[in-house]
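Each remark here refers to the structure printed beneath this line.
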Amino acid sequence: MIAEARKPIRGDADAESRAGGLRGLGRAVARALASSAGRACLELLLVLVLGAVFNADGAFFKEGTHRDTLRQASVYGILACGMTLVIITGGIDLSVGSVLAVSSVSFSLLTMHMDWPWWTAIVACLALGSILGSASGALVSSAKLQPFIATLAMMTFARGFAKYITGGQKISTYVTQGDKVVIKELPPIFKVIDSRILGGNLAIVSVIFIVCFILSWTFLARHKWGRELYSIGGNEEAARLSGVPVRLAKFVAYSFSGLMCAVAGICQAAQETQGDPETGAGYELTAIAMVVIGGTSLAGGRGSMGLTLLGILTIGYLQKILSINAVPEAGRLMITGIIIVLAVLTQKRRTR
Amino acid sequence: MVPLVSMRGITKLFGPVKVLDQVDFSIYPGEVHILAGENGAGKSTLMNILAGVYADYQGRILMQGREIRPASPLDANRHGIAAIHQELSLIPSMTVYDNLFLGHPMTRAGFIREKAHRRSAESALADAGVAASVGSLVEELPISVQQLIEITKAIRLNANVLIMDEPSSALNVHDVETLFAVVRKLKSENKGIVYITHRLEEIQRLADRITVLRDGRLVGSALASEMPEKRLIHLMVGREMEDHFPRHTPRISTEALRVEELTVHRANRARRPLVDKVSFSAARGEIVGLGGLQGSGASELFLGLFGAMPKRTEGRVSLAGRALRIRSPRDAIASGIALLTNDRKATGLISSMSVTANICAASMMRLAPRGWRRPREEARVASEMGRALHLRAASLEMEVGNLSGGNQQKVAIGKWLSTDPRIMLLDEPTRGIDVGAKHEIYQLMNEWTAKGICILLVTSEMPELLAMSDRIIVMHRGKITAEFPQGEATAERVLEAAMGRTNGGEDDR
């Protein structure tokens with residue numbers, strides 16, 4: 001199959017696949033594998049087949065399972081949206097998990113302890129996330145730090161910042177006032193974000209994810225800025241000599257990633273009904289894995305939001321399948337690691 | 001006299017292209033052997049074979065009657081052959097003595113004998129007359145000292161044959177003298193030296209023997225006394241003028257571009273500037289050819305004009321009489337300047353993107369004025385350009401990296417044409433493309449000048465320069481050394497100026 005894929009694909013492959021058995025099938029697969037999108041679809045398909053086989057006594061075929069998959073993948077998915085834009089420039093954002101935590105604790109703090117109205121709290125959190133993202137962006141675009149280093153520093157700083165503003169404590173409805181502990185009412189916005197619509201079929205966090213996805217897709221595919229991100233990732237010097245405002249475009253990409261982290265952080269707070277300064281640790285790796293499994297190149301210049309969606313679903317389903325089969329965490333991590341390697345190896349063939 | 005090394009019938013192919021064809025070359029003890037030729041004549045390739053960089057050549061290399069085949073630079077060193085490259089091969093962040101022993105350390109049980117290195121390095125530098133402390137980092141030393149260290153490194157390897165590929169290109173006048181002194185000293189020690197240079201002055205002062213290559217062939221080899229300058233230049237040029245250049249009579253009108261005292265500094269300002277106070281003007285509908293050999297500064301002049309190195313560029317530029325401040329490529333594009341760079345892979349195209357995306361890359365300000373792209377409009381522009389340029393692509397959505405060289409170049413041209421430029425800076429517009437595509441590009445240049453576009457053309461192909469230019473400006477080491485109206489320029493005169501001879505016969509330093 002792998003050898004087949006590299007042969008030139010003939011126009012009559014379709015006809016043959018109808019007519020002739022395994023050979024035809026091989027050709028059809030080869031044709032599908034000729035594009036990143038085809039390979040990403042194949043990966044998702046294989047994971048779904050895995051789910052159908054290890055269906056945990058039919059649990060995999062229940063509607064609720066798929067609904068939950070989407071809901072549980074949503075926070076990661078929001079992070080992966082910003083991550084895609086950054087990775088397309090040839091960069092990386094390691095700070096997303098920590099910035100998510102900053103947003104999550106700030107949102108909890110503002111709404112639960114300081115009684116801000118929900119919308120001002122949301123605006124403040126989005127602004128804070130964008131500022132942290134912009135700081136990474138400035139380090140990368142103006143100070144010319146390597147994205148890995150700049151966002152590694154931001155990852156550490158933001159985690160510290162989250163602990164600083166909370167005093168290292170989880171922010172919940174249990175509020176200490178003087179000597180007494182008062183239990184406040186959970187602000188309604190938490191319930192709204194954690195609720196479902198369409199007869200319980202669609203979680204609000206999933207709606208938020210879909211909105212973020214469409215927003216990212218629109219910018220990447222339809223705005224001048226998206227084109228600039230691709231050209232920077234493809235050949236930064238050629239882009240500069242074509243009049244692309246390289247610094248600005250990169251800066252905004254990291255700011256946008258910060259904004260996505262803030263959105264994800266608010267969703268995270270609502271789902272956990274608290275602001276945990278430790279939350280989101282390791283999420284950056286899941287988000288990166290989702291983007292890369294989709295086929296967006298870590299070298300930059302190639303990829304799309306559509307591929308990222310396939311990556312989000314692949315990892316989302318994988319985690320769901322492992323969890324409904326009650327695979328213990330140790331096994332879950334090892335299997336996820338192996339699947340990531342296999343998936344990236346499939347994507348790698350094109351660039352050989 | 002018995003040669004130290006003789007190369008016999010050396011042939012080298014790069015893919016299907018024959019870059020060296022049956023070349024003989026010998027190096028004698030106590031001689032400076034100048035290897036001359038235009039850009040792309042095969043000089044560096046020939047020396048890279050001797051230095052072990054390319055092991056897959058045809059022919060024989062004889063050393064004292066025995067055949068050797070240098071398989072790697074290290075292997076060449078073992079045979080006593082060392083190359084001092086244009087780009088120095090020292091490691092800037094390491095000390096002088098670490099560099100001297102790089103690859104050949106003195107060890108005891110696998111551990112480096114640091115103290116022995118220091119001592120031995122000190123005596124080596126003293127022998128060579130290099131005034132530098134062995135403990136300083138290479139990057140802290142002036143370029144001339146670095147070069148001397150590189151030479152010392154070669155001598156320390158008991159090299160008998162030293163290959164110097166344009167060693168003076170980055171040096172100022174004083175450092176060149178130091179270099180010459182070292183070369184003379186090596187000569188007196190009976191070493192054989194191959195010296196590649198584009199400067200007539202150096203040839204005159206150093207040469208004992210001269211060999212000229214042209215298009216990969218040996219066209220002449222003689223003692224320096226038997227090869228006067230005129231003959232040397234004739235041999236270097238010597239090719240028949242091809243007449244496939246369709247230059248129309250130009251309709252030159254008003255001034256389009258005026259450049260005054262444009263200077264482009266190197267990143268290290270202490271070193272000679274890349275472009276040194278260059279002034280000229282060009283008219284609408286005119287093609288001004290900029291001639292020069294490697295290191296002339298013509299490409300850098302373009303980058304400076306285009307705002308690509310704003311912090312290193314000084315000088316005044318005016319367009320159609322209006323003074324401009326160009327601080328970025330964006331400014332340049334907005335003022336109607338286009339730059340076709342000399343390396344479409346590295347700086348021209350984004351090969352992972354589609355033909356359409358590349359053609360529209362420099363016109364996004366116009367194509368998406370409010371930021372939102374209009375894919376249909378982009379497709380229209382791209383297909384229009386594709387038609388105008390006779391682009392042969394399976395689809396305008398295919399990745400540019402999968403096109404042939406000629407078609408890639410057309411995409412790069414299309415990118416600039418769609419910005420509707422008034423000034424086109426063309427740097428090697430026909431490099432690496434086939435004859436048919438070249439011809440098409442010449443015809444396009446005629447169409448553009450007919451529309452009143454002003455073209456500045458940098459090319460290393462002499463026939464192209466002579467035939468396509470209405471006027472030729474020749475540069476040498478960052479300065480203009482000559483200017484010829486069409487008809488007065490001959491290959492010999494251009495080459496003479498490109499090698500540093502100014503019109504008055506005085507050598508330019």
Side-chain angles (χ1 to χ4, degrees), chain A residues 6 8-11 34-37 87-90 141-142 144 214-215 217-249 252-253 256 295-305 307 347 350-352, chain B residues 302-303 306-310 326 328-335 337-354 356-376 378 399-401 408 411-412 414-416 418-419 421 425 427:
Chain A
R6 280 167 53 217
I9 290 146
R10 302 213 324 248
S35 73
S36 284
I87 287 181
I88 280 177
T89 68
S141 64
S142 297
K144 312 256 185 255
I214 292 173
L215 194 70
W217 180 86
T218 311
F219 276 121
L220 199 56
R222 285 283 174 269
H223 197 270
K224 189 170 77 167
W225 175 52
R227 194 44 87 63
E228 288 167 358
L229 299 180
Y230 280 108
S231 58
I232 291 167
N235 184 342
E236 186 166 330
E237 185 60 9
R240 190 175 76 92
L241 291 174
S242 300
V244 170
V246 172
R247 271 161 52 168
L248 180 68
V252 179
F256 184 79
T296 293
S297 162
L298 271 181
R302 285 195 172 94
S304 73
M305 287 308 298
L307 293 178
Q347 289 294 2
R350 87 176 266 156
T351 52
R352 185 160 60 192
Chain B
F302 277 7
L303 289 171
F306 196 63
M309 304 194 245
I326 299 171
S328 69
R330 236 177 140 67
D331 291 351
I333 295 166
S335 344
I337 303 178
L339 168 64
L340 185 76
T341 59
N342 59 19
D343 186 341
R344 55 183 170 267
K345 276 218 174 66
T347 53
L349 295 170
I350 297 155
S351 53
S352 57
M353 291 172 75
S354 70
T356 305
N358 272 283
I359 285 181
C360 298
S363 342
M364 288 316 275
M365 285 178 266
R366 181 168 60 82
L367 288 170
R370 260 158 282 142
W372 296 105
R373 288 175 39 232
R374 290 173 293 173
R376 269 206 212 132
E378 288 176 14
E399 285 185 11
V400 161
Q408 287 191 10
V411 173
K415 171 173 85 173
W416 291 114
S418 60
T419 64
L425 313 176
D427 196 352

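Keep in mind that this is a model prediction, so the values were computed, not measured. Throughout, a chain's letter reflects where its sequence line sits, starting with A, and its residues are numbered from 1.
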Parallel, tilted or perpendicular: which one describes the rings of Phe219(A) and Trp372(B), with boundaries at 30° and 60°?
parallel

Minimum-distance pair of heavy atoms, taken over all atoms of [X] and [Y]:
{"X": "Ala238(A)", "Y": "Lys415(B)", "result": "O-NZ, 4.4 Å"}
{"X": "Ala221(A)", "Y": "Arg373(B)", "result": "O-NH1, 2.5 Å"}
{"X": "Gly301(A)", "Y": "Ser352(B)", "result": "O-OG, 3.8 Å"}

Is it the side chain or the backbone of [X] that comes within 4.5 Å of chain A heavy atoms, both, or neither?
{"X": "Ala338(B)", "answer": "neither"}
{"X": "Met364(B)", "answer": "both"}
{"X": "Ser363(B)", "answer": "neither"}
{"X": "Lys345(B)", "answer": "backbone"}
{"X": "Ser328(B)", "answer": "neither"}

Check: Ala361(B) main-chain N/O paired with Arg227(A) side-chain donor or acceptor under 3.5 Å: no

Greatest number of non-hydrogen atom pairs under 4.5 angstrom with chain B, of Ser242(A), Gly234(A), Gly226(A), falls to Ser242(A)

Q. Between Ala239(A), Gly233(A), Pro245(A), which has the largest tally of heavy atom pairs under 4.5 Å with chain B?
A.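 Among the listed options, the one with the most contacts to chain B is Pro245(A).
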
Answer yes or no: is there a side-chain heavy-atom contact under 4.5 Å between [X] and [Y]?
{"X": "Arg374(B)", "Y": "Arg222(A)", "result": "no"}
{"X": "Leu349(B)", "Y": "Asn235(A)", "result": "no"}
{"X": "Glu399(B)", "Y": "Arg302(A)", "result": "yes"}

Out of Gly348(B), Ala332(B), Ala346(B), Ala412(B), return the one with the most heavy atom pairs under 4.5 angstrom to chain A.
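Most pairs with chain A among the choices: Ala346(B).
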
Sorted by chain and residue number, the side-chain contact (heavy atoms from CB on, under 4.5 Å) partners of Glu236(A) (sequence neighbours excluded) come out as Ile232(A), Val246(A), Lys250(A)

Residues passing the ring-ring contact (aromatic ring centres under 6.0 Å, His included) test with Phe306(B), sequence neighbours excluded, are Trp416(B)

In this structure, NE2 of His223(A) is separated from CZ of Arg370(B) (nearest 0.5 Å) by 11.0 Å

Open item on the list: Rounded to the nearest 0.5 Å, what separates atom CG in Asn358(B) from atom OG in Ser231(A)?
Closed with: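 Asn358(B) atom CG to Ser231(A) atom OG measures 9.0 Å (nearest 0.5 Å).
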
